[in-house]
K.L.:
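Would you mind keeping the following structure in view while I ask a few things?
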Amino acid sequence: ERRRLAAHHETLKRLRKEFVVLPVAFGLVAENSAAVRQILVRNREAFQEQIRRLAGKVEMGLRASWDVPNIFEYFVETHAELRELRDQVFRGRQPTKDEMIEVGRTFDRLLGEHRAACIQTVTQALRPRYFEVKENKPRNEQEIMNLAMLIDEDGQADFEAGVVEAARRFDNRFSFDFNGPWLPHNFVELNLEM
């Protein structure tokens with residue numbers, strides 16, 4: 001139940017103070033304690049490998065968004081290819097459905113290319129400060145990146161300074177936000193034998 005989510009997170013937080021914790025998705029339920037023991041026995045080596053890999057590490061979230069009122073108009077302003085296509089299609093007449101689809105496809109392609117370039121810039125700037133990075137799907141059109149980054153547990157201040165440094169490479173039409181530290185949910189790689 002969603003109302004128990006806070007208790008779930010608090011339990012994980014307390015355990016993390018004393019142990020390496022492999023987080024599981026909230027809401028996973030086993031039939032009984034014998035079923036839990038069976039899963040632990042069958043997957044012992046996989047659990048041990050993940051514990052070794054994630055010991056002393058935490059996850060930080062990093063998001064960046066375009067801070068502009070209209071993302072399409074921003075791209076028209078900053079990408080001559082899209083501006084010229086839009087002007088050609090909408091010049092003095094009602095565009096066809098295919099022409100509007102063409103404008104949309106061009107916008108989507110440019111959006112993807114720009115996102116990829118921004119992600120590359122940021123991950124290269126932060127490279128000495130993380131072990132692994134996972135790209136999560138942007139939540140909306142304005143969002144450029146939604147990254148999960150695995151860092152050293154003692155490296156949070158250095159990571160935060162690196163985010164500030166990376167953000168300086170962008171103008172004021174970009175906004176950056178980081179959060180954490182979290183248990184490394186995005187980095188646990190287990191295919192459990194049930």
Side-chain angles (χ1 to χ4, degrees), residues 5-6 8-10 12-26 46-75 77-79 81-82 107-191:
L5 187 59
H8 173 79
H9 284 299
E10 185 60 32
L12 292 176
K13 188 175 163 184
R14 286 182 185 177
L15 285 170
R16 190 177 135 236
K17 290 179 182 176
E18 294 182 47
F19 307 100
V20 176
V21 176
L22 294 180
V24 297
F26 177 73
F47 284 129
Q48 288 175 333
E49 168 55 30
Q50 291 299 300
I51 287 171
R52 279 190 294 274
R53 189 173 76 80
L54 299 173
K57 298 177 180 80
V58 293
E59 179 176 316
M60 294 293 290
L62 174 58
R63 291 189 177 121
S65 298
W66 284 287
D67 192 8
V68 295
N70 183 309
I71 190 66
F72 180 78
E73 289 301 321
Y74 169 71
F75 268 71
E77 175 189 323
T78 57
H79 294 81
E81 175 186 358
L82 184 60
F107 171 64
D108 282 342
R109 178 179 53 79
L110 292 170
L111 188 71
E113 289 171 0
H114 199 119
R115 280 181 172 142
C118 290
I119 289 169
Q120 183 175 13
T121 298
V122 169
T123 55
Q124 284 180 347
L126 290 171
R127 185 62 198 121
R129 296 173 168 100
Y130 68 88
F131 297 102
E132 294 178 45
V133 63
K134 298 278 175 137
E135 290 182 34
N136 297 309
K137 186 176 179 180
R139 298 170 299 165
N140 56 53
E141 228 173 32
Q142 300 280 117
E143 192 166 75
I144 301 165
M145 67 186 79
N146 179 1
L147 304 177
M149 305 186 96
L150 187 66
I151 70 166
D152 190 295
E153 192 168 22
D154 297 327
Q156 186 177 347
D158 187 42
F159 174 81
E160 292 173 6
V163 170
V164 170
E165 182 182 309
R168 286 190 184 120
R169 298 175 185 208
F170 297 85
D171 63 32
N172 62 357
R173 293 179 287 192
F174 295 80
S175 84
F176 285 77
D177 175 41
F178 58 85
N179 56 70
W182 310 105
L183 289 172
H185 286 272
N186 283 286
F187 300 95
V188 175
E189 299 168 358
L190 287 170
N191 291 316

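Predicted model, so just to flag it, every value in this text is computed and none were measured.
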K.L.:
A cation-pi test, strictly: NZ or CZ of Lys57 under 6.0 Å from the centre of the six-membered ring of Phe187 and no more than 45 degrees from its axis. Yes or no?
P.N.:
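That pair does not qualify as a cation-pi contact.
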K.L.:
I need the Tyr74 OH to His114 NE2 distance, nearest 0.5 Å.
P.N.:
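Reported to 0.5 Å precision, the distance equals 4.5 Å.
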K.L.:
Looking at Tyr130, does the NZ or CZ of Arg127 lie under 6.0 angstrom from its six-membered ring centre and within 45 degrees of the ring axis?
P.N.:
yes
K.L.:
With no hydrogens and no angle check, is any side-chain donor or acceptor of Glu189 less than 3.5 Å from a backbone partner on Gln50?
P.N.:
no
K.L.:
If you count heavy atoms of other groups shown closer than 6.0 angstrom to CZ of Arg14, is the number above 12?
P.N.:
no
K.L.:
How long is the straight-line distance from CG of Leu183 back to CG of Leu54, given to the nearest 0.5 Å?
P.N.:
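Here the rounded value is 10.0 Å.
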K.L.:
To check you understand the geometry: which heavy-atom pair defines the closest contact between Ala148 and Asn186, and what is its length?
P.N.:
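Heavy atoms of Ala148 and Asn186 come nearest at CB-ND2, 3.5 Å.
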K.L.:
More than 12 non-hydrogen atoms from neighbouring residues, nucleotides or ligands closer than 6.0 Å to NZ on Lys13, yes or no?
P.N.:
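Counting other residues, nucleotides and ligands, NZ of Lys13 stays at 12 neighbours or fewer.
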K.L.:
Would you indicate whether the side-chain heavy atoms of Glu143 and Asn140 approach each other to under 4.5 Å?
P.N.:
yes
K.L.:
Are Arg52 and Glu49 ion-paired here, with the side-chain N under 4.0 Å from a carboxylate O?
P.N.:
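Salt bridge flag = yes for Glu49 with Arg52.
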K.L.:
Going by atom type alone, with no hydrogens or angles, which donor-acceptor pairs under 3.5 Å involve a side-chain atom of residues 65-72 and a protein atom two or more places apart or on another chain?
P.N.:
{"residue": "Asn70", "atom": "OD1", "partner": "Phe72", "partner atom": "N", "Å": "2.9"}
{"residue": "Asn70", "atom": "OD1", "partner": "Glu73", "partner atom": "N", "Å": "2.9"}

K.L.:
Indicate the ring-plane relationship of Phe159 and Phe178, choosing parallel, tilted or perpendicular according to the 30° and 60° boundaries.
P.N.:
perpendicular
K.L.:
Taking atom CG of Asn179 and atom CZ of Arg63, what is their separation to the nearest 0.5 Å?
P.N.:
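Atom-to-atom, Asn179:CG and Arg63:CZ are 6.0 Å apart.
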K.L.:
For Glu135, does the CD atom have more than 12 heavy-atom neighbours from other residues, nucleotides or ligands under 6.0 Å away?
P.N.:
no
K.L.:
Would you call the rings of Phe174 and Phe170 parallel, tilted or perpendicular, where under 30° means parallel and over 60° means perpendicular?
P.N.:
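Correct class here is tilted.
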K.L.:
Quick one: CG on Leu62 to CD on Glu160, what's the gap to the nearest 0.5 Å?
P.N.:
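That separation rounds to 11.0 Å.
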K.L.:
Identify each donor-acceptor pair in which a side-chain atom of residues 116-124 lies under 3.5 Å from a protein atom, sequence neighbours left out, and give them as a table.
P.N.:
{"residue": "Thr121", "atom": "OG1", "partner": "Ala117", "partner atom": "O", "Å": "3.0"}
{"residue": "Thr123", "atom": "OG1", "partner": "Ile119", "partner atom": "O", "Å": "2.9"}
{"residue": "Thr123", "atom": "OG1", "partner": "Gln120", "partner atom": "O", "Å": "3.3"}

K.L.:
Could you state the interatomic distance from CD (Glu132) to CD1 (Ile151), rounded to the nearest 0.5 Å?
P.N.:
13.0 Å
K.L.:
Just to verify, which of Met145, Met60, Met149 counts as forming a side-chain contact (heavy atoms from CB on, under 4.5 Å) with Val133?
P.N.:
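Running side-chain contact (heavy atoms from CB on, under 4.5 Å) over Met145, Met60, Met149 with Val133 returns exactly one hit, Met149.
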K.L.:
How far apart are the C-alpha atoms of Glu113 and His79, what are their side-chain angles, what is the distance that settles it, and do they pass the side-chain contact (heavy atoms from CB on, under 4.5 Å) test?
P.N.:
CA-CA 12 Å; Glu113 289 171 0; His79 294 81; over 6 Å; no
K.L.:
Is a side-chain N or O of Arg16 found less than 3.5 angstrom from the main chain of Trp182, in a donor-acceptor match?
P.N.:
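Between the backbone of Trp182 and the side chain of Arg16 there is no qualifying donor-acceptor contact (under 3.5 Å).
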K.L.:
Roughly how far, to the nearest 0.5 Å, is the CZ atom of Arg129 from the CD atom of Glu165?
P.N.:
5.0 Å
K.L.:
Within the 4.5 Å heavy-atom criterion, are Asp158 and Asp152 side-chain neighbours or not?
P.N.:
no
K.L.:
Could you tell me which non-hydrogen atom of Asn136 sits nearest to which non-hydrogen atom of Leu147, and how far apart they are?
P.N.:
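The pair with the smallest heavy-atom distance is ND2-C, 4.4 Å.
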